[in-house]
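Chain A is the first sequence line, chain B the second, and so forth, proteins listed ahead of strands; every chain is numbered from 1.
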2 protein chains.
Amino acid sequence: MSRFDHYDCSLGCPVEATLELIGGKWKGVVLYHLIDGTMRFNELHRAAGTVTQRVLTKALRELEAAGLVSRTVHPVVPPHVDYALTEKGRTLVPLLLAMRDWGLEHALPAPPSTLNENILA
Amino acid sequence: MSRFDHYDCSLGCPVEATLELIGGKWKGVVLYHLIDGTMRFNELHRAAGTVTQRVLTKALRELEAAGLVSRTVHPVVPPHVDYALTEKGRTLVPLLLAMRDWGLEHALPAPPSTLNENILA
DNA sequence: CCGTATCCTGTTGGATACTG
DNA sequence: CAGTATCCAACAGGATACGG
């Protein structure tokens with residue numbers, strides 16, 4: 001009821017729909033890090049940097065609800081929970097890499113330290 | 001001061017940086033519609049559907065500040081303002097199309113009305 | 001280790017009315 | 001036509017503390 005109620009845009013909506021699933025402050029980071037494989041909660045927590053547990057949990061639950069991430073609980077002590085991309089989530093990988101590449105090229109100051117292809121410019 | 005202060009992620013940030021520029025509820029729609037060419041304020045307003053002028057203006061100003069969209073004022077009466085993708089904005093087109101395609105395939109119920117390639121499944 | 005429970009703040013987006 | 005000015009509600013995100 002909060003998704004595509006209104007809008008009249010007949011073709012632009014899919015962009016919005018995609019953004020709605022992977023948007024938010026941490027989902028992109030989480031998805032990106034999961035490209036490399038399964039990660040535990042604390043691994044993601046550290047990888048993300050400064051996210052709180054509450055917020056990270058919420059992001060993971062939403063990604064799980066969207067069918068992009070799987071959550072596997074190993075009933076041992078201490079608890080062990082694995083997160084991974086689902087098959088659907090893996091279809092996002094090209095998009096995630098494209099976003100990373102675009103970000104590196106256009107969104108970050110990112111000095112081209114090793115390359116000097118700016119000679120062309 | 002609200003961008004990359006914290007984070008320790010050494011490679012996932014570009015994804016976040018990209019998302020931060022094109023995120024929000026309407027920027028994706030705006031950018032997507034501008035792919036086809038220059039549009040006036042009211043055209044975008046109608047294309048987006050239910051966005052208010054205040055919110056659309058804010059989104060356009062942010063896209064302009066990010067260097068993704070240009071704003072051209074023709075000093076006539078009644079006012080005439082054109083919005084278009086900048087050269088930097090145009091570098092986003094493949095990403096926008098990829099997001100649209102992914103959204104069509106995975107984020108929308110989108111019944112394949114004309115095609116029947118689901119026979120394969 | 002992997003969360004949940006409270007509480008709090010800032011920002012996003014919206015409703016409505018008005019203007020050059 | 002293309003905005004601005006107010007005002008407001010909702011929510012995302014964060015701080016901190018606690019629990020199985």
Side-chain angles (χ1 to χ4, degrees), chain A residues 1-9 13 16 19-30 33-34 38-66 69-84, chain B residues 1-9 13 16 19-30 33-34 38-66 69-84:
Chain A
M1 170 218 294
S2 70
R3 296 269 258 255
F4 321 109
D5 353 353
H6 21 44
Y7 288 16
D8 119 50
C9 68
C13 299
E16 242 326 281
L19 250 5
E20 210 164 324
L21 290 184
I22 67 180
K25 192 164 180 181
W26 302 105
K27 288 180 187 172
V29 181
V30 167
H33 280 283
L34 286 179
T38 296
M39 290 183 81
R40 300 180 56 167
F41 183 84
N42 267 3
E43 289 185 277
L44 285 168
H45 193 195
R46 278 189 297 272
T50 60
V51 64
T52 61
Q53 289 177 324
R54 175 191 162 330
V55 171
L56 179 57
T57 300
K58 185 164 174 291
L60 286 167
R61 292 294 188 277
E62 288 172 7
L63 289 172
E64 195 189 356
V69 161
S70 66
R71 178 172 177 269
T72 309
V73 181
H74 303 277
V76 296
V77 290
H80 183 132
V81 180
D82 282 326
Y83 290 94
Chain B
M1 169 220 292
S2 68
R3 295 270 257 256
F4 321 109
D5 349 357
H6 20 43
Y7 287 17
D8 119 49
C9 69
C13 298
E16 243 325 282
L19 251 5
E20 211 164 322
L21 291 183
I22 67 179
K25 192 165 182 181
W26 302 105
K27 287 180 188 171
V29 180
V30 168
H33 281 284
L34 287 179
T38 296
M39 289 182 81
R40 299 180 57 166
F41 184 84
N42 267 3
E43 290 185 276
L44 285 168
H45 193 197
R46 278 188 298 272
T50 60
V51 65
T52 61
Q53 289 176 324
R54 178 193 174 286
V55 170
L56 178 57
T57 300
K58 185 164 174 289
L60 286 167
R61 292 293 187 281
E62 288 172 8
L63 290 171
E64 195 188 356
V69 161
S70 65
R71 178 172 177 270
T72 310
V73 181
H74 303 278
V76 298
V77 289
H80 184 134
V81 179
D82 282 326
Y83 290 94

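Counting to the nearest Å, the C1' atom of dC2(C) and the CG atom of Leu60(A) are 11 Å from each other. One interatomic measurement links the two molecules: CG of Asn42(A) to P of dG3(C), which rounds to 9 Å at whole-angstrom precision. Whole-Å rounding puts the Leu63(B) CG to dT12(C) P distance at 13 Å. In this structure, His74(A) atom NE2 and dG3(C) atom P are separated by 12 Å, rounded to whole Å. Taking atom CZ on Arg71(A) and atom C1' on dT4(C), their separation rounds to 12 Å, with Å as the unit. What separates CD of Gln53(B) from P of dT16(C) is a distance of 14 Å, to the nearest Å.
Nearest heavy atoms, Thr38(B) versus Ala84(B): OG1-CB, 3.7 Å. In plain terms, the two heavy atoms of Asp82(A) and His74(A) that are nearest each other are OD2-NE2, 2.8 Å. Taking all atoms of both residues into account, the shortest heavy-atom contact from Leu21(A) to Leu63(A) is O-CD2, 3.9 Å. Residues Leu34(A) and Met39(A) share a closest heavy-atom pair of CD2-CB, 3.8 Å.
Annotation: the span from Leu60(B) atom CG to Phe41(B) atom CZ amounts to 6.5 Å, rounded to 0.5 Å. Note that NZ of Lys27(B) is 8.5 Å distant from CD of Glu20(B), once rounded to the nearest 0.5 Å.
Checking dC2(C), dA2(D), dG14(C) against the side-chain heavy atoms of Pro79(A) singles out dC2(C) as nearest.
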(request) At under 4.0 Å between heavy atoms, which parts of nucleotides 5-13 of chain D does protein reach? Answer with one letter per nucleotide, 5' to 3': B base, S sugar-phosphate only, - none. (result) BBB----SB
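Side-chain atoms of His33(A) never come within 3.5 Å of backbone atoms of Leu44(A) as a donor-acceptor pair (strictly under, hydrogens ignored). A donor-acceptor contact shorter than 3.5 Å is absent between the side chain of His80(A) and the backbone of Val73(A).
Rounded to 10 degrees, the angle between the two end axes of the helix from dC1(C)-dG20(D) to dG20(C)-dC1(D) is 60°, with five pairs used at each end.
OP1 or OP2 of dG3(D) has not a single side-chain nitrogen or oxygen of Arg40(B) nearer than 4.0 Å. Phosphate proximity of dC1(C) to Tyr83(A): absent, as no side-chain N or O sits under 4.0 Å from OP1 or OP2. Within the structure, every side-chain polar atom (N or O) of Arg61(A) is placed at least 4.0 Å from both OP1 and OP2 of dC2(C).
Ionic pairing of Lys25(B) and Glu16(A) is not present here: no N-O contact between side-chain nitrogen and carboxylate oxygen is shorter than 4.0 angstrom.
Note on His80(B): only backbone sugar-phosphate atoms sit closer than 4.0 angstrom, heavy atoms only; bases stay farther off.
Residue-to-nucleotide proximity on DNA chain C shows that, of Val51(B) and Phe41(A), the 5′-proximal contact is made by Phe41(A).
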